[in-house]
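I have placed the structure first, in the form of structure tokens, so that the comments after it can refer back to it.
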Amino acid sequence: MTVTFWGVRGSIPTPGYETSRYGGNTLCVEIGLHGCGRTLIIDAGSGIRRLGDDLLSRPAKTDGLALDLLLSHTHLDHILGLPFFGPLYRRDTRLTLYGPASSPGESLEQVIGGQLSYRYFPVRQVELAAQVAYVDLREGVYDLGDGICLSATYLNHPLLCMGYRIDWRGRSVCTAFDTEPFRNLFITEPENPDYDEMMALEGEKAAQEANWRMRSFFREADLLIHDGQYTDQEYRSGRSGWGHSSVEQAIAAAESSGCRRLALVHHDPMRTDADLDDLTRQYGGVRLESGLHVCFAREGLAIAL
Ligand SMILES: [Zn+2]
Ligand SMILES: [Zn+2]
């Protein structure tokens, strides 16, 4: 299994000389399963454009490309590259597109079609040459064939957002691109006139259970790819509830789940290469107590598992 990063940025592409080493493309990760010749792609941020070109330049199979594209959610930074994904314009491409159905009464196909309309892009959904099948995902475990087991769980984000786990031949990779730890949503200060002790305790219990469920989802993964948009200091100064984690929270999630490697992604658009180098010096490398290997992902990074 090889995991290759084609886009690591969150929120908006950030091209420019200050981001040229880590890359300015928004999220797109390729998971190559060499033994069975399958390619899984997580998210269609702007990084998917170069992945598409690369896929088309590889030695071709006689019957074209068969690809599985899993969308974490349909926020723009995770789908904006899709109309520029070259294999979509080839008749011999078979693409299965999975994702959570986030709007009631609207399928994934309809949500994606919203982007592929003349209002936003000159090519419409019905004009794509590839054979595209849409699969609306809910939480659960799915058999993708060839021994590939896909697990999906809901993360903590303002829009329904999926975390994925792929298990294949004894190797595992988990993704949690846009998420933050679950927290108590009820009033917890007894001095507040609206404080309700029962509600506060229930809220605490629900948050703890949800975080425990996340740890069991990431359990002993060979690689966890996790949102690390902020530092703890940034998170605490008004960014809690925005649906993104701090680096420290991501490390805590990986360590408490017994993961072997952690690749941080969804880098804040404000982060320059120099900032990411500083963070790497501060948090990167092997952690003494847990043995967890931490890195800040950059475009072109490939991790063999
Ligand atoms: Zn995002
Ligand atoms: Zn998002």
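For ligands, and for the atoms within them, numbers begin at 1 and follow the listed sequence. Predicted model, so just to flag it, every value in this text is computed and none were measured.
- Closest N/O/S atom of H157 to the Zn ion (ligand 2): NE2.
- Shown here are the protein N/O/S atoms lying under 2.8 Å from the Zn ion (ligand 1), water excluded: D77 OD2, H78 NE2, D178 OD2, H266 NE2.
- Ion pairing of R298 with D273 is absent here, as no side-chain N (NZ or NE/NH1/NH2) approaches a carboxylate O to less than 4.0 Å.
- At a threshold of 4.0 Å, the pair R236-E248 does not count as salt-bridged, since none of the basic side-chain nitrogens sits closer than that to a carboxylate oxygen.
- Side-chain contact check for H244 and D268: no donor-acceptor pair (N or O, by modelled atom type) lies under 3.5 Å.
- D54 has a carboxylate O that lies under 4.0 Å from a charged side-chain N of R58, or vice versa, which qualifies the two as a salt bridge.
- Of the charged side-chain nitrogens involved, none lies within less than 4.0 Å of a carboxylate oxygen, so that D277 and R281 do not count as a salt-bridged pair.
- Aromatic ring centres of Y154 and F182 lie farther apart than the 6.0 Å criterion allows.
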